[in-house]
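Just below is one structure, and these are the notes that go with it.
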Amino acid sequence: MIMGSTHIDSYIRRLFRWSGEESLYLLIISVIYLLFSFYNIFYYPIYIDESLTYEWFTSRGFVSSITYYPEPNNHVLFSLITNVFDYLPLPSLLKLRLPNLIIGYGSVLLTYRYLKNEFGHKKTVIPHCLFTFSYAITFYTVFARGYMLLIFSVLLGLIFLLKLIKEYDRKYVIAYGLCCIIGFCSHPLFLYAFVSFSIVLVINYQAFIIRQMRDIILSKLLVIVSTGIFYSPILYFNGLRSLTSNNAIEKRKLEGLDDFFANLFNNYDNIFGIKSRALIIALMLGVGLSWFLQKRFRKEVVIVIVMLISPYIFSLFQGVLLSPRYLLYLIFPITLGVAILLFVIQEHLKVNKVIIYLICLLGVLFQIHVFKTTNPKAAIHRDLAGLQLFNSIDFDKKDTMKAFFDFNSETAYEFFTLNYYLKSDKPQIKLDTILGTLNSKQFAEQDLLILNKKSNLKSDVLNNFIFVANIDSYLIYERSK
């Protein structure tokens, strides 16, 4: 036990053994990342997918999280984590968003540690800044969805896959398998990464003897069995089609090869927040050229190319058009590719350290600018309306209230975000929201009407109500005294 404890302590010390310059760099990056993330967490209103996570899973407990699968909205492992955080004495906003901040920051530290060990600090800082402040990391550090867990599991799985290929050890097989299980539990989209990992293992089959291959195959089978067990409650209550043929998949059916080629290498925009097809193609060409120029990183080059190309090949067999969200997990393979390319460049072209840090600073500022101008108010305008509706209601007038919300497919965003604020921030208020067709009978006992401006209401219906607010596309009325 003592020897084992000493070994672990030694490993931890090696893990965080950084020089003064490295520690200072990491401190500065951490402060910027955490401050910017906390600012965004409190600045941006809850958006509809987050409000549905809270409504359907967080507030209803563990059983709902592992059994209910409406559309593809349940990122099951993340929902379970928010169930745990729901017991903490925190504001409801942090119960939803704090888990991703923790996972995101862990990913930032882990990425730096891996890149530094492989390429050295000087050659790591630019790709590390690219990763840390990329649109994908920034967005899903803030917003409460399971994609950050997916990114984390691919990041960790890829690291252990590389270790496994370079130097076989059974502990790497176990760690790799666990990462794959976490990935599948995070999101079924991990299937794309799992297929890519499997292709890489097949390409490198000569690195293993038969017994080692047997262990790897066994780990793959255990991943599949464990995933099946984890999703079995959902399969039992919702059926296999809830995972394999839900509405989100049906809407993205591939109609023909024209659609496929029009979509080719055009789904990385959510990683960078900008149009990125040309950047990805240039990166693949540059990394491919690195295979000839730098023998040391040939295995990494193969992994990067396979990870970037295989999702398109697999989706072609699936008959499904890829969505930009599907490929968010590729941020780390892309970062690895950039690190390889910059390593080769810096080996042949000596670059002053000051210039490297200046490039990092400009890159961070640019990526923050992209996030602030790409995502915000245009994308979450309707979610912001839900918060504005909530703020317009005077809750001090009554201990309980009943309200009518003019709900239809066009008002779903506002309804679910408003519903989140009511349930999470005003639990003492009983707000009975009615959904359905507008008619005067439904108004008989209502204290509040939230009506779409397009509603066709006769004026006599509102005789007992007074107008109090005009919010976005809605008119709010309160019952007159």
Side-chain angles (χ1 to χ4, degrees), residues 18-37 39-40 104-105 107-141 151 155 268-291 293-294 296-297 300-301 304 308 328 330-375:
W18 296 319
S19 69
E21 180 183 339
E22 293 163 1
S23 299
L24 179 61
Y25 162 80
L26 207 56
L27 175 63
I28 294 172
I29 290 297
S30 296
V31 169
I32 296 172
Y33 171 82
L34 292 172
L35 287 178
F36 187 55
S37 298
Y39 168 80
N40 289 325
Y105 186 54
S107 300
V108 167
L109 294 178
L110 186 62
T111 298
Y112 175 76
R113 189 254 176 175
Y114 174 78
L115 293 179
K116 183 187 79 73
N117 286 351
E118 293 295 319
F119 302 98
H121 171 75
K122 183 179 176 182
K123 297 180 176 68
T124 288
V125 291
I126 292 178
H128 182 248
C129 285
L130 171 68
F131 176 90
T132 303
F133 298 98
S134 65
Y135 185 84
I137 298 298
T138 304
F139 189 97
Y140 287 105
T141 290
I151 291 170
L155 158 64
Y268 302 93
D269 298 352
N270 273 18
I271 297 176
F272 299 106
I274 58 176
K275 295 296 182 183
S276 52
R277 176 189 284 185
L279 291 174
I280 292 297
I281 293 175
L283 176 65
M284 285 194 290
L285 291 174
V287 171
L289 183 61
S290 300
W291 192 86
L293 299 176
Q294 180 55 254
R296 176 182 167 186
F297 296 114
E300 286 85 349
V301 167
V304 170
L308 292 178
L328 287 168
L330 290 176
I331 178 59
F332 180 69
I334 289 172
T335 301
L336 180 58
V338 171
I340 294 169
L341 192 56
L342 291 179
F343 183 91
V344 173
I345 292 173
Q346 291 185 56
E347 285 290 291
H348 293 81
L349 178 65
K350 300 301 179 183
V351 182
N352 187 281
K353 190 181 296 184
V354 175
I355 295 176
I356 291 175
Y357 282 117
L358 181 61
I359 292 172
C360 286
L361 175 61
L362 294 175
V364 169
L365 292 175
F366 173 74
Q367 289 182 107
I368 289 175
H369 170 75
V370 167
F371 177 78
K372 298 295 290 183
T373 55
T374 301
N375 169 63

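All values below were derived from every heavy atom in this structure, side-chain atoms included, with hydrogens, water molecules and symmetry-related copies excluded. Residue indices begin at 1 and follow the sequence shown.
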Please report the closest heavy-atom contact between [X] and [Y], naming both atoms and the distance.
| X | Y | result |
| --- | --- | --- |
| V287 | L341 | N-CD1, 4.2 Å |
| Y33 | G104 | OH-C, 3.2 Å |
| E300 | R296 | OE1-O, 4.0 Å |

Could you tell me whether the side chain of [Y] reaches within less than 4.5 Å of the side chain of [X], counting heavy atoms only?
| X | Y | value |
| --- | --- | --- |
| I334 | I280 | yes |
| I29 | H128 | yes |
| P127 | L342 | yes |
| T335 | L115 | yes |

What about F133 and F371, are their ring centers closer than 6.0 Å?
-> no
To the nearest 0.5 Å, tell me how far [X] [atom1] sits from [Y] [atom2].
| X | Y | atom1 | atom2 | answer |
| --- | --- | --- | --- | --- |
| K122 | E22 | NZ | CD | 13.5 Å |
| R277 | Y268 | CZ | OH | 10.5 Å |
| I137 | I331 | CD1 | CD1 | 6.0 Å |
| S23 | I28 | OG | CD1 | 11.0 Å |
| Y140 | L328 | OH | CG | 5.5 Å |
| I126 | I345 | CD1 | CD1 | 9.0 Å |

For residues Y105 and S37, is any side-chain donor paired with an opposing acceptor at under 3.5 Å?
-> no
Pair Y112-T124, side-chain donor/acceptor within less than 3.5 Å = no
Do any side-chain atoms of residues 355-365 form donor-acceptor pairs under 3.5 angstrom with protein atoms, and if so which ones, sequence neighbours left out?
residue : atom : partner : partner atom : Å
Y357    : OH   : E21     : OE2          : 2.7
Y357    : OH   : H121    : NE2          : 2.8

Sub-3.5 Å donor-acceptor pair from the side chain of T132 to the main-chain atoms of V108, do we have one?
-> no
Does S134 use its side chain to pair, donor to acceptor, with the backbone of F131 at less than 3.5 Å?
-> yes
For Y114 and L336, run side chain to side chain contact (heavy atoms under 4.5 Å, CB included): C-alpha distance rounded to whole Å, both residues' side-chain angles, the deciding distance at 0.1 Å, then the answer.
-> CA-CA 10 Å; Y114 174 78; L336 180 58; 4.1 Å; yes
Relative to each other, are the rings of F366 and H369 parallel, tilted or perpendicular (30° and 60° limits)?
-> tilted
For residues 332-348, which residue pairs qualify under salt bridge (charged side-chain N to carboxylate O under 4.0 Å, His left out), counting only residues two or more places apart or in two chains?
-> K123-E347
Are F119 and I340 close enough, and set up right, to give a side chain to side chain contact (heavy atoms under 4.5 Å, CB included), and what steps lead you there?
-> CA-CA 8 Å; F119 302 98; I340 294 169; 4.0 Å; yes
With sequence neighbours excluded, what pairs up with I274 under the side-chain contact (heavy atoms from CB on, under 4.5 Å) test?
-> F272, L279, V370
